[in-house]
Amino acid sequence: MTSNRISSKSRRRFIKSAGVAGTASIAGCIGGGSSGYTISFWELFSGGEGPVMEDIVQKFNDEQPLDVDEEVTIDRQRTPWDQYYNNLYTTLAGGSGPDLAVMHAAYLRAWNKTIVPMDDYIDTGEIEGDYLDNHWDLVSVEDETRALPMDLHPVGMYYNKAIFEEAGLDPESPPTNWEEFEAAGNAIAEETDKWAFSQTPYNDGFGTWRTWSTFVKQQGGELFDSDWNPTFDGQAGQNTSELFWDMTGDMEWSPQTTEADWGANAFENGDLGMTMNGTWYVATLEESDIDWGFFKPTIAPNKTQDQVWTDGHTIVMPRSQDRDDKKSEIAAEVAHWLTTENPEWGARAGHLPAAADIRESEVFQNASFYDKTLSKYLEMAEEDMYFYHPKVPNGDPNSESWYQWLLDMWGHNYASPGEALDDGISMVNKGLEE
């Protein structure tokens, strides 16, 4: 098959002619020349992740690890998650984006026109071996390397050991299948004054989607077909919707609430037995007084396969009219360093690092929660359990507007789970058309 991919040299010529990249003659006023280079870097990390990234950037600026003659400084700008992508898109639409930006892998197809493939400015064939295969697949779209991978951040099940003990459960033997999960939830609901389960501590639509889609996939369901039509209203989707409806209904595992952060407040106050959340949650729990545990979330009823939702943070190079080729090459080297030389991104922030060497490092394996969470997340990775949030061709797959129906279903704001599911198909179709 003949590839229609533009060569790096041709692409650079095109970008310049289109006014996207600057020229070498203005290197000094864009951060190059005798004063060195300042690489602007936008990110969205908060909670326990934010200080970790702050320290990583400071380490780079202090140690100057790149093998270049010029001084290179990272200028980090953090924007809250709920504002980040709107701000980034507005900036990129104006043609003056940052040199590097964090982007979830789910966006790498829809945002294609606003980012420059990393292939253009770094030898991706040479560095591909620095990353694990499943992470490299995450950033490869239509024969282009659209970003460099930082991590995977899948979901898992967190539980309160004291509540397990109060319910007569063994706190050191958490559930491994649906029968055990159901028994644990019922025991907490019947034997304690605590709530049994929250589908997400944030009680938001997107968090609910992570759990709901995991249960759908475990029952053999699909989310989209090859033409990006939503197909999650099949039998597995119907079964999971009825289950979620019952959890806040007859099962009485959770109140019928759409209050934001209800699960986070309940779990961190010791009033909730189990909740589903991502790798990042450990940074919060490690600072709490809760005696918490973790188990793999492969516990859906009628399970036919082990599948667990994940997305991944990546670092992209936005198109910019204020950056020349030299600065782009340096920015790509900075992205490579950020994603391969910092085991603390796993050891402190809790994520699964994309770099192969980091997973074998003492810093990573000596993390205080390695045995609790990281080792189990690694086992799921090694057993190929993860499915990615689909990289849709347009729309915002992390938008709350796509998944509000799931939260309203959890809160019984529909007449039935079937009505909610029908509304969900309509909402996602609308989002894909935007």
Side-chain angles (χ1 to χ4, degrees), residues 44-45 47-49 81 102-110 131-141 146-158 199-202 204-224 232 236 240 275-283 294-300 303 305-316 339 345-346 349-356 358-359 364 369-370 372-392 396-399 402-403 406:
L44 69 173
F45 301 116
E49 300 169 301
W81 157 260
V102 169
M103 182 172 288
H104 287 81
Y107 290 107
L108 294 179
R109 190 185 306 273
Y131 303 91
L132 293 153
D133 289 345
N134 54 3
H135 290 257
W136 197 253
D137 292 343
L138 191 67
V139 298
S140 302
V141 181
R146 302 233 171 128
L148 294 186
M150 287 183 65
D151 61 50
L152 290 184
H153 45 266
V155 290
M157 198 73 72
Y158 299 82
Q199 84 291 14
T200 168
Y202 315 116
D204 63 325
F206 183 46
T208 305
W209 168 262
R210 290 191 285 252
T211 302
W212 186 86
S213 63
T214 292
F215 278 33
V216 169
K217 291 285 285 186
Q218 287 180 18
Q219 295 175 75
E222 294 297 335
L223 305 177
F224 296 89
F232 51 76
T240 304
T275 189
M276 189 93 121
N277 204 10
T279 52
W280 58 87
Y281 203 34
V282 296
F294 174 89
F295 58 95
K296 297 176 183 178
T298 50
I299 41 77
K303 186 182 70 172
Q305 58 183 352
D306 288 330
Q307 291 279 276
V308 178
W309 176 96
T310 190
D311 201 346
H313 295 118
T314 74
I315 296 183
V316 299
T339 55
W345 190 241
H351 301 307
L352 289 184
I358 288 180
R359 292 191 183 181
F364 181 70
F369 43 81
Y370 182 84
K372 270 188 178 181
T373 65
L374 291 174
S375 63
K376 296 180 178 66
Y377 279 125
L378 280 171
E379 288 172 4
M380 288 189 281
E382 290 165 356
E383 294 169 14
D384 199 25
M385 291 185 183
Y386 296 135
F387 71 90
Y388 295 136
H389 193 139
K391 294 190 279 286
V392 295
D396 182 356
N398 290 347
S399 171
W402 283 36
Y403 312 108
L406 274 167

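Nothing here was measured: the structure is a model prediction, and the numbers come from that model.
Y377 and Y386 make their closest contact through O-OH, 2.7 Å (heavy atoms, listed as atom of the first residue, atom of the second, distance). Closest non-hydrogen pair, A354 versus P149, comes out as CB-O, 3.3 Å. Summarising the geometry of V141 relative to L108, their closest heavy-atom pair is CG2-CB, 4.2 Å, with the distance given to 0.1 Å. Between P353 and R359, the shortest heavy-atom distance links the atoms O-NE, 3.1 Å. Contact between M276 and T214 at its shortest, heavy atoms only, is CE-CG2, 4.2 Å. Nearest heavy-atom pair, Q219 versus A236, reported as atom, atom and distance to 0.1 Å: CB-CB, 3.9 Å.
Judged purely by atom type and a 3.5 angstrom limit, Q218 uses its side chain to pair as donor or acceptor with the backbone of Q307.
At a threshold of 4.5 Å between non-hydrogen side-chain atoms, the residues V282 and F294 do not count as touching. Counting only heavy atoms from C-beta outward, the side chains of H389 and P397 approach each other to under 4.5 Å. With a 4.5 Å cut-off on side-chain heavy atoms, W309 and L223 do not count as touching. Looking at Y388 and N134, their side chains come closer than 4.5 Å, going by heavy atoms from C-beta outward. Inter-residue side-chain proximity for F215 and K303 is flagged as unmet; no heavy-atom pair is nearer than 4.5 Å.
Sorted by first and then second residue, the salt bridge (Lys or Arg N to Asp or Glu O under 4.0 Å) pairs with a member in residues 373-383 read K296-E379; sequence neighbours excluded.
Ring geometry, H313 versus H153: the interplanar angle falls from 30° to 60°, so the pair is classed tilted.
By the side chain to side chain donor-acceptor pair (under 3.5 Å) test, D311 is found to be paired with no residue, residues two or more places apart in sequence or in another chain being considered. Remark: S213 pairs with no residue by the side chain to side chain donor-acceptor pair (under 3.5 Å) rule, at least two apart or across chains. For Y107, the ring pair (Phe, Tyr, Trp, His ring centres under 6.0 Å) test picks out Y85, W111, with sequence neighbours left out. For the side chain to side chain donor-acceptor pair (under 3.5 Å) test, no residue two or more places apart in sequence or in another chain qualifies with W402. W212 meets the side chain to side chain donor-acceptor pair (under 3.5 Å) test with S241; sequence neighbours excluded.
Of the residues listed (T208, D204, T275, T211), the one engaging Q199 in a side chain to side chain donor-acceptor pair (under 3.5 Å) is T208, and it is the only one.
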- Run the side-chain contact (heavy atoms from CB on, under 4.5 Å) check on I315 and M150 step by step: do they pass? CA-CA 7 Å; I315 296 183; M150 287 183 65; 3.7 Å; yes
- Task: Using the side-chain hydrogen bond (donor to acceptor under 3.5 Å, both in side chains) rule, take Y202 and N277 through it: C-alpha gap first, then chi angles, then the decisive distance, then the call.
- Result: CA-CA 9 Å; Y202 315 116; N277 204 10; 2.9 Å; yes
- Task: In sequence, state the C-alpha distance, the side-chain angles, and the governing distance for V155 and V308, and then conclude on side-chain contact (heavy atoms from CB on, under 4.5 Å).
- Result: CA-CA 7 Å; V155 290; V308 178; 3.8 Å; yes
- Check the pair F206, L406 against side-chain contact (heavy atoms from CB on, under 4.5 Å), reporting the backbone distance first and the verdict last. CA-CA 8 Å; F206 183 46; L406 274 167; over 6 Å; no
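Defined by atom type and a distance below 3.5 Å, a donor-acceptor pair is present between the side-chain atoms of Y131 and T339.
In this structure, CE on M157 lies 4.0 Å from CD1 on I299, to the nearest 0.5 angstrom. Taking CG of L352 as the start and CD1 of I358 as the end, the distance is 11.5 Å to the nearest 0.5 Å.
A centroid separation of 6.0 Å or more is found between the aromatic rings of H351 and F45.
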